[in-house]
Structure formats: C-alpha cells, structure tokens
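Per chain, numbering begins at 1; letters A, B, ... match sequence-line order.
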Amino acid sequence: MTGSPSHWKPFSFRVRMLVSFGALFALGLIASGISSLYGIPFTEFRGEYGLRRSEALRDLNLLADTRKAELLHLIAERQGDAATFCDSPVMRRLVTRVCSMVHTTGSVPRLRSALLKSAEYHLLTEHLAATKQIYMSQYDRIRLVDAGTGLTIASTDENDFGTNFSDDPSFVKTIGAAQQEVIRMLKDPRSGHLYLAIYREIRSTPLHEGDEGAVAAVLILYLKPDLFLRSLESNEHELGKSGEIVLVNQDLQLFTPLKRPLPDGTSPKPLEFRLDTKVTRLAAEGNEGLLATTDYGGVPVLAAFRHLRLNSEVGWGMVVKRDQSEVFAPIRRLILFFTFKAAVLLLLMLALAYAIAARLSRPIKELSRMARRVEEGDLDTRSANEGTDEVGVLSQSFNAMVKRVRNWHNELEEQVNARTEELVALNEELEGEIEERRRMEEALRASEGRFRELLETVHQVAIILDPAGNITFCNDFLLRLTGWSRDEVLGRSWFDLFIPEAVRDEVKELFGNAMETSVLPSHYENPIVTRDGDLRTIVWDNTLLRGADGSLVGTASLGWDVTEHRSLEDQLRHSQKMEAIGQLAGGMAHDFNNLLTAIIGNCEIIKMKAGPDNPMKEYVEHILSVSGKAAKLTHDLLAFSRKQVLSVREFDVNECVRGVEKLLSRVIGEDIDFSLALTNDRLPIMADRGQMEHVLVNLATNARDAMPNGGRLTVETRRMELDALSAHLHGLEKPGRYAIIRVSDTGCGMDAATREKIFEPFFTTKEVGKGTGLGLAMVFGTIRQHGGYINVYSEVGRGTVFKIYLPLVHDETAVEDDASLERTVPGGDETLLVVEDNEDVRKSTALILQEMGYRVIEAANGEEALARFGENRDTVSLVILDVIMPRMNGREVYDALRKEMPGIKALFTSGYAADIIGKTLMAEEGLQLLQKPFSVQELLQKIREMLDNE
Amino acid sequence: MRLLVPFILMLAVALPVPVSAGASPRGGSTDSARRPDYSTYDFGDASRVINVGIQPLAVPVGVIGEVMKRDRILRSSLKKIGLEIRFHPFMQGDDINAFLRQGKIDAAMAGDMPTIMTASANDIMVTALAKQGFSSIVTKGHFTVAGLKGKRIGYPELSNAHYALLAALASAGLKESDVRMVPMAVTEMADALATDRIDAFAAWEPITSSALKNITNAASIYRYLNSSYFYVTRSLVNRHPEAAPLIMASMIRAFCWMKSREENLLLSGQWTLAAAKQLQGKPLALSAGEIAALTMKDILSITSSPIIPEGDLQEGGPLRKKFDFMKVRGKIPPGASWEKVLKSFDRGIITGVLMSPRRYRIHSFDYDPGSVGP
C-alpha cells in the first residue's frame, strides 16, 4: 500500500460482489424497514409508527371522551336527584306549607320552635334524610332554604338551621326567573373540603291549571368531593404510569390535585391555584381536541382536552394527558428491534454473498493467475479448465491465444535483433549530435546568463516587450525604481502600468507604428510613473527584436533615469536666469546710482546756496526725497544682484533674530500670532547683520501680506550639517555646517508658477502700487551674496515656509557693537582728487567738496587721474576713486598711485560691490568704500575720518 | 442464474408486502345537494307580516324553528294584533342576513358569527340563546389538527364552523396558509369527505354527527363550543312592540313543550328532518331520535330557559373574541364598535316574558303537526 493512485490495486471480483450484494441488500432492508415503520407515500399503507401513534391518540381521545361522559353523567344524575325531589307534587305541597309558616313566624328560634311542632316539617326533614341515605352517602348534606327569607329551614345537618343565604349569588340566581338550577364548586371554609353544590328551585303548589306556582324554596345538594374526583382517577392500564386527568373551572381554578409538583417545587391545592396552561385554557374556553404540548411541569405530553358544559353559565375544562416518552416507548422499541433484525439479516446476507462470490470467482482467479504468468514471460503455461461454461470457453481461447503469442514472439525476437544492431549504430550517431547540441545550449545558457547578469547589475532600466506591448522581461533596476514586484509586472501592458496617461497615447502610437513599419526611434525620452505615482524621466535606447523567421517579436530597450539630471538642469537654468537678471539689474542700478548721485549732489548744493527762505527749497527737498526713494530702489536691486556693499561681521543668528523680535511683532500686527523657536546651539555666521535683519523684516512683511485674516508666523533656527551632495542640491558652494532660519506662516500660500518666480525682481502678486517686487529679490540676493541659499516651500491654502541656509564660522568672535555714530557735517581745506568717469557724479561731488572748503582736482578716467596726481603729488591728501571705470578700474588706479605715493589715502565709491570689489578691493584691510548713492553727510563724514586718521 | 433466483426470493421475503391499513371510503351519496331557490320565497306585506329566517340544517336551531313554526298560540296572539308570521328555511345564517339587510327578514336564529356581523352593521336586538354546542372538525385518518397541514379543508365561510376551524389551526400552531381552505356549503361536506374531494371539514350539528355516522374512519378531531341566538330587527320592535315578547314566549314555550315529554322532542325531530329534506332535496342521514338527542345535549339540558348567559357578553368572552377576529379580517366594517354589538343584546324582553308566564301562556301548548309551509 503506497497510497499512490498509480499503485492503486482494484478490489478483487469477490470483494466487489460482496460489496455490491451487501449494499443492495442493505438498501433493500432500509427501504423495507422505513416503509414498514412509516408507511409508503401516496398509498394507504401507513406503517407501524403511524398505526401505533394513531392507536395511542385514539386511546387518549377515547379515554377523554369516556371520562367526560362519566363526569357529565354523574352530575346529570345528581341534577336528576334534585329535579325528582323538587318537581315531586308531594314535596312541593310540603314545602308550600312549611314556607307559609316561615312567612308568618318571627325570629329564628321562634321559627324553629314553631316548625318543630309541624307534622309537615317533620315529614320534610325525614324526606331529606331519606334522600341522603338512599343515594349511598353521595351527598354530604342537603339543605332547604326558604325563598322569601333566605333562611335554611331544613337540613340533614341540624346545625345548619337558620343559616342565611340571602347574599349567596347562586341562591339569588336560582330564585330569579331566568335559571331553574345553578351548579357551582365551593370549598367549605371550616373543613376545607371541596363540594359540588346544586341549587334547584322548588315551586309552590299550583293554584289552578296553567299556574306553575311561585318559587317557594331552594334545595341545595352538596356532593362529596370524592364522588367526582374518584371518577377522574386513572389506573395504569388506562393511562399508563405518567397519565393524569386535570379538571379546572372556566376561570382555570384547579379542582383536582396534581400528580407532579410545579416547576417551583410546590404542590397547589384545589380551588387555590389557577392552572393556566395552553390546554387547560383551550378546554375551559370551549375547545376540544388533542395536542402534543408540554404540561404544567414543562414535560412533553400528549393531551386530550375536553369542555364540560354543566349549564349555559358554567363550563369546566378537563385535560387527559400522558407523557410522550411513555406513549411512544413501544415505537422506539419497535425501531430498536428493526435495527437489530436488519443487522442480523445483513450479516447473513453478507456471508451468503461471500460464499457465492467465492464460487463464482474461483475459475476467474485461476485464469487471472495464468495470465499473470504469461505476462511474466511464461509462454508455455496452459489452463487446465476444459469446461464448456463461459469460463471454460474463455480458458481454451486463452490457451490458443498464448500459443499464437509464443509464435509471434519468436518471429519478433529475430526482427528485433536485426533492428537492434541498426539502432545501436544510429544511437551512437545521435548521441554525438546530442552532445554537440548540449554543448551549444550550455554556451548559450552561459551567454544568456552573462547577458542577464549584465542587465541586472547595470544602473539602467532594461525591458523587453512583446508585439502587444506586454512586458516579457525587466531587470531589477526597473523594479527598484518603480516599486513594483516582478510578478506584478511580467505579462502586464507596459503602457497601462508605466506610461503616464498624458503621454500614453503618443507612446503607444509610436510603439504600434514600430510594430507595423519595423521602424523604431533608437533614442527616445518619456516619463514613466512609479507605483507611488512619482514621475521619472527615462531616455531610451531601443532596438527591435526579431524571431528566427525574421518576424518582429518585440522590442528591447535600455533606459537612463535622467530625472535628477533634468532637475539639476532646471536648477541651473533657473540659477543662470537669476544671474542674468541680477547682472542686468546690477548694471541698471549702477547707472541709476551714478545719475542719482549727481541729482542728489546738485540738489544739496542748490539747497545750501538757496538759503532758508528761498521758495525753490521746497522743490529741492521734494527732489531729494524722491531721489532717496529711488536710491532705496537701486539699493534693493543691488542687493538682489549681490552687488551691494556688505559690512560683514561675525554674530549669532539667534541674537540677530531676538534683536528684531519686537520690530517683527510691530510689522506683522496684532492679528497674527508670532512665535520664536530658536535652537540652544550657537549659530555664528559672518554676515552683514543689518542686511540679515532686513531679510527677516522682508520675510515677515511678506508673511503678513499672505495672512490678511490673521494666522501664525514662526521663526525657527537650527544647526545642520550638509554633505557635498546636499549642499550641491541646495545650490550651496560647499558642504559643511550651516545655520538654518525657517520662517513659516499659515497664510494663503502660492501655486507652482508663483513659486517659480517669487525671487525675481519686480515680480509681485500685490496690487499695483503696493509692492515694488524687490523685497524677496533683495532677500534672495542678500542670502546668495552671503554664500547662503534660500528656498521656498508653499502650497495654495497651506501656508509658506522660507528656509535660509547660511554657512557657520568656527571662531566665536565677539559680536559687533552696533552702536550708531553721531554724524556731523565737517568740511576741510585739503586737496582731494576725484576720479569718476560719470561726469554728473564727478561734477556734483566736486561741487559739494568745494562748497565744504576743499580743493578739488577732477579726473574722468584712470589715465587722467594718474596725470593729475603727478601734477599735484604734494597737495593731494585723498583720492576719491570710482571702482568701476572703463579701461582702468579704481583698484588699478589706486595701485598705480600707491606706486607713486605708497601712503596715499583712497576712498572708493561704487554703485555696487561687484566681484572686483569683493575679491580685490575688499580683501585688503584699510581700504574704504562708500556705497552710491551716498549722502553729502556720509561723504563728508567719511573724508573727514580718513583725513583725520593717521 | 442459479444464484440470482434465491437472492430475489430472499429479498422478497425481507421486504414486507404493504397491507391496506385504511379502508376505502364507504362514501355516501355523491350527488351534490340542491341549493334552495330563495327567490321563490313570499315575504308578503311588510306592514303586517313578520318574516322569520330559520335553519333546518342546524340542530337545535332548526328544531326550535320548526316547533315555533307550528305554534298556533303564537299565530293567534299575533293575529289579535293584526299580524301574521311566516318562517323561511335557509341554508346558513349568512344567507338569512342577506335578506335581513334587504328588510325582508324581521327575525332569525343564527350562529354567533352571523349574529355579530349583523349586530355590528344593522339595528337588531339579540333576545335569546338558541344553542350552546360544538362545531367540529371532521376528518379521515388523522387524529390531530397538526396532521392537517397541507390538507384540503371544507368550511362554510364566516360561520361558527369557520371560526372553530381557525381556532383549531391556531391551537396546533398552524395558519390558514398552512392548509388548503375550501369554502363550501355544509350540505356538500359529507359527500366531499366521503369521496376524498376534501380531507376534512368544519361544520356544526347535525352535519358532523351525520358524517361521523356514515363515513367509515371519520373522526371528530377538534370541537369548539359556540352559541346561536334569536334576534329581531329594531324596526320590528319599533313598529310592533308587542310582537317580540309574543315570539319570545313562543320560543320559551317550545323549550317547555319539548322538555315536557320525550314524544314531543321526537316529533320535533321528525319535523326537522322533513324540513331539511325539503330544503336540500335529500334527507339527513340521522334519525329523529338522534336529532332529539342533539337538541337535548346542545340546548335543553343546559338551560331551563333560553336566556342569554351573562358570560357570553363579558369583555374577553367568546363573542368579543369573535368580533375582534372578524374585524381584523375585514368581515365587518372598520368603524363598527363592540359597544354597538353589546347594546344589541337584550335580556329584558325574555326576562319580562319569564316573569309573566300566565300572560304569555308559556305552559300552554297547541301545535299544528300538519303545518310544513311558511
């Protein structure tokens, strides 16, 4: 027994016969048993179960009907007793006379005394006693009650005399016109005994024909309880051990003691308990029938219920019940007997079937053994069965067949030998070919393995698609890139799974054309979508795959993920764009500064010369004011183009933020919650603190404008270490430690298009006239000029976050003292050389200085400056040099002058601090720069300081 | 083959041969009963003729009707006040009420179901009790109501027997939809059961006793006590206030007469059998003695006078339950009230008659044995 289906050994013929006969016989037995038990459907054969059940039900019904009839008969007999007594003319006459005495006599004792003297009374009482005696003591007592007074005037019990029945409802009903007779069950309060009382009217003797007479008295018969209770008792022969008869009145009051206690363990007493069960209720309400139900104790019973109508007003309910377990016990025994009988018959049948099967199968088994020997190669074996039955004929045919087989075998053996030799030769040839093919396949597998390994290890996407665009191969790189598993990808449509919907049709069409025309672009770029929905940009190298017959079997593609590359390109483009804008803005600002310098200088001169009462002074003041605003504008432009002059010192970013906390609060107003979240780390940076403060104010202003209905502004700081890649991605020049200032608001936020241009100069989302569009441009320029980076994160409706990265310095120099200096407007008489290519600036500067007492030598360019200086070498105390000039810039002029006079003092002026300033001029200590446009006060103050400084 | 024969023989021994356990129905007459042609009834001049609907096919109601029909004292009493009385036989109470609603019938005896229906929709006075007996479910081969599940059951619609059938089904936890309800006239039921057109029927006496007597294997498996009443229209009482007491006196007189001598009861049974045969075209399968015994059992032995029991009118009593039952089934108008039905019951007229036996000649008897027509 291996359990394997291929080794399954079929049952022998004998076993199969045994099983077949056994199953057939068992089925027959079961069918027979069921039909004999439960009958045959659609026929009148009902079966033992039905018959026994019908018999039990019929017996129960019969018993219930019998007991009902007996009880009604018993009561009817007693009613007959009452009727015989009451309708008897003799009794009516006696009662008429006695009752007439009652009506004429006073109190009860006097009445008794009077009645005892009456012969009729004695006759009446004797008749009552005789009646009680005649009926074999069935009555407990018999009373006669006067209809007029309700007093008991005669009784078989002398103690009853005088008992008043005026209030007895049954008595009242009896003397009324409607009822001649009343029956009720009552309990003697003294003895506690149960009685059935029959009240019957006795009419007086009729006075004439057709007269019925008036009701003179009421006869009351008290039946002993044993009388009818005994009739309800059942014996085991009739009702079994569990049988019981229960009697209730129409109010379900119990008359009979119960055989079993109630579920709560109590045994209720008659007339003191309402037995409210389904069958007692049905019986009391006038129903008669038979039900399978549960009794008062919850035991399943068969119950026949009957209604006993005693008169039109009184009806009782009677229940004759028997436990179902007892009723159906014979049927259960019947089923048990049947099962036993069936088992015995089945065993006998199986034994018989076994014997028959053995006899039938013996020659077949013999034949089977012989066949097995032939199968094993013994072709000389023969069956000895010479019989003429089916098996005998089969055996002889088998013998002939074996003989034939033996002949064929011999012929075949010869042919086989010849063929075998041929086959051996062919086989050797074939083996050689197989070996060759095996080697080729091995080489192919190795090649394919290397190829596959290459595809799996390369950092490129590799896919092969079938002509329908379904993926037949993909490498791990694609799976890592897109987040799908190989099982989820293979067999799926490349276009449905990976190509974004926006370009799907285009790519599909391209692929479709390639399959039709065999022309596929060798290079192609398109986005693919990852499992998370992210887009990756892939540049493909494609090739068409062909089968052995030259037909197209798909495409193979290698793809470069150029997503980051493209992103960096975008960043570079943006950076170049900002740089170009910066250059443009810087150049413009430089020129404007020169113009403004001239305007402001000339206005200052006019103002000085005009005197305090000159009406023109007001106009000059206005020009100065407007020029100041213009100067501010050019200053912001310079800041954006990173060409502003920085006053760089080391300070702590946290202190800087705390320093402007109050100012920021005032800027944003009361509707916006303002909070700081500053790191405990020191964040020392080298920067222009004033510019940094300006940056924070600008960002706060921007946040305030984004939160017109209030919100929250948070400024956070922290320290961060950026590696080379992170620094590069953030547009920072080098990796290292950075201070991060995070300015976040809960305002309206901005869309992608706005984010793209937010740092461009003159780009504003504000209403015309409300913003210059230079605030964030200035911020951008300032941060970049400090070697930092700023980026923005924002979504519409979700607020905006600006993050500023500023390089940290290592030394912890004392923070600058930002105390403002008292400025005066000092003049002088020294000789000053003003070198300025812009004539307006040069002239106005010269005028101011001359006005302040200085002697001024002017030079329009570097060469002229050197010439002028050569002419006035001994008198020139200070050279004022424009930094940016054609041909020879300020620094070159200064260097040349220093060669002439090493200690020469020079004050540089410039519209912007370009790279030249940053890398050359500002790199040398002691050189002074004045940012254009400058005020006269600034200029004079600076000159004075330098001249006075030894 | 040699082995197959003993095997088949053995199988044949093991399988019992079904034996017919139930006999084929003996079957009564298969000809269906004739239905009366009510259109031939002559109700006379309504101003001077009192028309009473009776049911010869219902015992003891039919018996009382037949006795009253022959009461010469009643006829002469009414004649003195210028009135004539005519008795008309009907198959069942519902038929009588159809004519009562048309104003053609002034008084009737019918079961409690038709009485309640009429009292709820018409102005009548229910004055006397005419029966207190059982309606029964009769069947063949079944011993419990539960065994009737899926069976065909004949019943007279909206009658006491209909209610009894529903009470029986409810007692066994069955609904109307659990059996196949077959409405039919009571006269057809015995034949239908005998010829297996139905499996059971619900009816009243003497239909049930007749079937039990004549159909083999028939058994009454459920009985339900119900009542029949005598009622008159208020229109009659208003038009002729003296007439109703005279009719009630006749009913009491009939009770007294039947109870006074056994011969009288047997004679009244014969009168009923004749009336039933005339009505349905074939005789009842019961003897006069059996009719008399049923009459005694269902009315005469249980009350001395036909006064309506107080218990019938109690809240929660049988009449109230039947009223609610019919209202739920839409057989009486939704606006009908139990109070109206209750007010229809009047015990005053019969009490007044009982208290004046001489005036109403309760104990005087004069019956016309030859009168059979209305």
Q.
Students often mix this up, so state it plainly: with edges at 30° and 60°, are the rings of B:Tyr222 and A:Phe305 parallel, tilted or perpendicular?
A. perpendicular
Parallel, tilted or perpendicular: rings of A:His307 and B:Phe134 (30°, 60°): perpendicular
From the list B:Thr139, B:Ile137, B:Leu169, B:Val179, side chain to side chain contact (heavy atoms under 4.5 Å, CB included) with B:Val145 holds only for B:Leu169
Given the options B:Asp298, B:Asp312, B:Asn160, B:Ser227 meets side chain to side chain contact (heavy atoms under 4.5 Å, CB included) only with B:Asp312
[X] versus chain B, heavy atoms under 4.5 Å apart: side chain, backbone, both or neither?
X        : result
A:Asp65  : side chain
A:Leu290 : both
A:Asn287 : both

**Prompt:** Are the side chains of A:Lys321 and A:Leu302 in touch, meaning some heavy atoms are under 4.5 Å apart?
**Reply:** no
Can you tell which part of [X] gets under 4.5 Å to a heavy atom of chain A, answering side chain, backbone, both or neither?
X        : value
B:Lys297 : neither
B:Ala146 : neither
B:Leu129 : side chain

Note: vs chain A, highest number of non-hydrogen pairs under 4.5 angstrom among B:Ile308, B:Ile307, B:Thr351, B:Ile350 is B:Ile307
Tell me whether the centres of the aromatic rings in B:Tyr163 and B:Phe325 are closer together than 6.0 Å.
yes
